[in-house]
Participant: 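Here's a structure for you.
Just so you know, these numbers come straight off a predicted model, no measurement behind them. Proteins come first, then strands; the chains are lettered A, B, ... in the order of their sequence lines, and each starts at number 1. Values reported hereafter were calculated over all heavy atoms of this structure, with side chains retained and with hydrogens, waters and symmetry mates removed.
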There are 2 protein chains.
Amino acid sequence: MKPVTLKQIAEILDISVTTVSKALKDYPDVSKKTKGLVRDLAQTLNYKPNEFAVNLRTKESKTIGLIIPEIVHHFFSSVIKGIINQAEKKGYLVIILQSNESYDLEKKQLKLLLNKRVDGILISIANGTADFNHLEEVLRDGKPLVMFDKIAKVVNCSKVIIDDRKAAYNATQHLIDTGCKRIAHFRGPLLPQNSIDRFLGYKKALLDNNIEYDSSLVYICECGDKSFEEGKLNAKKVLEDHSDVDGIFINTDMVAIGAITAFKDLGVKIPEDISIVGFSNWFMSSAITPTLTTINQPGYEMGKKAFKQLYKELKTLKKEKHIIPKIIELETNLVERNTTKPILKN
Amino acid sequence: MKPVTLKQIAEILDISVTTVSKALKDYPDVSKKTKGLVRDLAQTLNYKPNEFAVNLRTKESKTIGLIIPEIVHHFFSSVIKGIINQAEKKGYLVIILQSNESYDLEKKQLKLLLNKRVDGILISIANGTADFNHLEEVLRDGKPLVMFDKIAKVVNCSKVIIDDRKAAYNATQHLIDTGCKRIAHFRGPLLPQNSIDRFLGYKKALLDNNIEYDSSLVYICECGDKSFEEGKLNAKKVLEDHSDVDGIFINTDMVAIGAITAFKDLGVKIPEDISIVGFSNWFMSSAITPTLTTINQPGYEMGKKAFKQLYKELKTLKKEKHIIPKIIELETNLVERNTTKPILKN
DNA sequence: CTGAAAGCGCTTACAG
DNA sequence: CTGAAAGCGCTTACAG
């Protein structure tokens, strides 16, 4: 019941703890015979090195921390999967915390992880986060920090992102190319960089096509638990406010699916009356009727890349070298489905 | 850059390490003055106790391990959320691993966690797991183990479950009560206990209502990434094989939604031609048209209860008392929506 | 109220 | 090829 220690093995074999330790780690300066003896006994006794002692000596825990705004979310859970799969391959374990989009919680959790002495931190910041001192703190602690998806531009660490502005531009351009003239936008909250960038991409596409930007066509969604309901609600509002709208670029697929549901109930034909482009390529977007045209956002890939970058920095740090922050941008692409019309020939 | 230690604080204040340690932990036998001095300095130096050393002394890591078959899954991600929220409240951190429904991976990961010396383990076992020695090993190690949702009956540990058989019975009974006479079942894989239990509940409901059980009406789904597609496929098969089927009880909502999609494409009217009851009450089931009648399976609650039980056992163990395994059964309920007809009056 | 000392279980530089 | 010793940074029983 009580765990076996090196000392016990040493006593049984009547050799030193040093030799046992070396034998188990296959040091070249231990005889084959001794190694065999030690290994066999370790096996029979089911010896497991005490990680706490190892950590204390080596000053690393082979554990990283991950803070994410919301776990029950298809995009984020894909990212998590990418991270832990990759981490496991490299011998790292991942502690996961959920900030619930709250700045206070995020701050507290970051402290928790730092106290726990994880080797590095992966984070996607909360919508509520506008002050970044807690993130700088990680860097001051000398720990690698990699942000992904929801990042803070001003923090000088590595980041794995997509070009939200470009993706949104393409989404909007697609609506224009398929004949839409009066295009609304359901955007995300005001603070997070990606909902700002998606909004700016939308706006730029309009301007580049000589379509006047009308702020009354922009609707805000919190994009929390209620995304689906918000989509329904905003869909109804658009119809009331602007009977001439013929296309909508929507911040996330979940909201888009809410909107589609409402439009179907109200007898609005998609894409004939109103075309819709979503964002994220959640698998339900190919399941709903009509299937949703959307921007494919590679979650699993993003998680994988984020861990890989953190791992690189972990190794750089071990060599006592300086970390040079890197911005990694993943490609997105438009997936054409049935909520938009075919592209007009000209 | 290098972390501050108790020793450094002691040297600066010219007192002993012992006193510093005690002052920080608010021992009653340290003078107020000393306490103040120590705390202030600790604060300015941004002292953080070295958890590795603390772990080594206290023999606990305040960390638990969680193994789950699949993270990108609404039910499981809800469970995770319940677990980590509850754990955080009690000062525990959670390391999450994904078994990918593979026995080999699950076994390897369990070993990993045991080596890491987590204080306890929470697990939902893989579909591929038929041998339970790796689970017994946890118990032999003297570590608390709590299983949830997908459990192994023979392992003598605490379990948090729902009564799958009863829930499936109720689902099937509802189909019968709403007038269905020829009821098919899309079941899960052969091995896991819950898909067996759901099947048995289905069968029993038929028998209790004097409806003959016909094995050709039972279709198997892997219920992995392809659930949605499997639902579509099986829906088509049912129509080909049995034109007289008027109701289907389906193992999971995702598969059910696939089936609904296929039926709509094929012009089958739901619930007029075929009624459907799903399982899990995934939020999409209230978003799809028609909204899906289903069994509500409380994921978040299950996670919360599972951690609470583990926490209790952790405390029991600290008191050197023996753990008495407990089976905790959560209530499920049928959520009536539009894929079933109103209940017949008689 | 304060502190010297032992010890948690390992690793590794050093001596022989 | 083997081992004594120091040390990682803390906690706690014990002495004064």
Side-chain angles (χ1 to χ4, degrees), chain A residues 1-39 41-42 45-63 91 114-119 141-142 318, chain B residues 1-39 41-42 45-63 91 114-119 141-142 318:
Chain A
M1 168 97 192
K2 262 209 171 168
V4 182
T5 64
L6 288 186
K7 201 177 158 195
Q8 287 172 40
I9 296 179
E11 275 166 6
I12 295 175
L13 295 177
D14 203 24
I15 55 175
S16 76
V17 171
T18 306
T19 304
V20 176
S21 172
K22 283 181 181 170
L24 252 18
K25 304 191 79 190
D26 207 20
Y27 273 45
D29 63 345
V30 177
S31 72
K32 279 213 167 146
K33 200 183 134 207
T34 311
K35 275 185 189 169
L37 250 38
V38 172
R39 278 190 199 140
L41 186 58
L45 294 181
N46 193 19
Y47 169 76
K48 293 167 193 156
N50 184 325
E51 279 298 316
F52 302 157
V54 175
N55 291 343
L56 182 57
R57 283 290 317 219
T58 60
K59 296 187 186 311
E60 47 172 22
S61 59
K62 293 280 184 181
T63 303
L114 252 23
N115 284 347
K116 200 74 181 177
R117 280 185 153 71
V118 293
D119 296 341
D141 239 51
K318 263 199 193 168
Chain B
M1 171 94 195
K2 263 209 170 168
V4 182
T5 65
L6 289 185
K7 201 176 158 197
Q8 287 172 40
I9 296 179
E11 275 166 6
I12 295 176
L13 294 177
D14 203 24
I15 53 175
S16 75
V17 170
T18 305
T19 305
V20 176
S21 173
K22 283 180 181 171
L24 254 15
K25 304 191 80 189
D26 208 21
Y27 273 46
D29 63 346
V30 177
S31 72
K32 278 214 167 144
K33 200 183 134 205
T34 309
K35 274 185 188 169
L37 250 36
V38 171
R39 277 188 199 143
L41 186 58
L45 295 181
N46 193 18
Y47 170 76
K48 294 168 194 155
N50 185 325
E51 279 299 316
F52 302 157
V54 175
N55 292 343
L56 182 57
R57 283 290 319 220
T58 61
K59 296 186 187 310
E60 47 172 22
S61 59
K62 293 280 186 180
T63 303
L114 252 24
N115 283 347
K116 200 74 183 178
R117 282 187 150 69
V118 292
D119 296 340
D141 238 52
K318 262 198 194 170

Participant: Separation of B:I9 atom CD1 from C:dG3 atom C1', in whole Å?
Facilitator: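 Those two atoms, CD1 and C1', are 17 Å apart.
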Participant: Listed by chain and number, what are the salt bridge (charged side-chain N to carboxylate O under 4.0 Å, His left out) partners of A:K62, not counting sequence neighbours?
Facilitator: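 Here no residue qualifies.
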Participant: Across nucleotides 9-14 of chain C, 5' to 3', mark each nucleotide with B, S or - according to how protein heavy atoms within less than 4.0 Å reach it.
Facilitator: BBBBBB
Participant: Can you list everything that forms a salt bridge (charged side-chain N to carboxylate O under 4.0 Å, His left out) with A:K116? Sequence neighbours excluded, please.
Facilitator: none
Participant: Can you sort out the partners of A:N115 under side-chain hydrogen bond (donor to acceptor under 3.5 Å, both in side chains), two or more places apart, ordered by chain and number?
Facilitator: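 Not a single residue meets the side-chain hydrogen bond (donor to acceptor under 3.5 Å, both in side chains) criterion with A:N115.
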Participant: Using a 4.0 Å heavy-atom cut-off across all strands, classify B:S31 as base, sugar-phosphate, or nothing.
Facilitator: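 Sugar-phosphate, no base atom in range.
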Participant: A:R39: what forms a salt bridge (charged side-chain N to carboxylate O under 4.0 Å, His left out) with it, not counting sequence neighbours?
Facilitator: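 If we apply the salt bridge (charged side-chain N to carboxylate O under 4.0 Å, His left out) test to A:R39, skipping adjacent residues, the hits are A:D26.
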Participant: Check the phosphate of D:dG3 against A:T19, side-chain N and O only, distance under 4.0 Å to OP1 or OP2. Yes or no?
Facilitator: yes
Participant: So what does the secondary structure string of DNA chain C come out as, 5' to 3', with Watson-Crick or wobble pairs under 3.5 angstrom, [ ] for crossing and | for pairs with another strand?
Facilitator: |||.||||||||.|||
Participant: Sequence neighbours left out, what passes side-chain hydrogen bond (donor to acceptor under 3.5 Å, both in side chains) with B:T34? Give chain and number order.
Facilitator: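 For B:T34 the side-chain hydrogen bond (donor to acceptor under 3.5 Å, both in side chains) partners, ignoring immediate neighbours, are B:S31.
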Participant: Output all residues satisfying side-chain hydrogen bond (donor to acceptor under 3.5 Å, both in side chains) with A:K32, sequence neighbours left out; order by chain, then residue number.
Facilitator: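 Listed in chain order: nothing, the list is empty.
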Participant: List the residues meeting salt bridge (charged side-chain N to carboxylate O under 4.0 Å, His left out) with B:E51, not counting sequence neighbours, and say none if there are none.
Facilitator: none
Participant: Would A:N55 and A:S61 count as a side chain to side chain donor-acceptor pair (under 3.5 Å) here? Give the steps.
Facilitator: CA-CA 5 Å; A:N55 291 343; A:S61 59; 5.8 Å; no
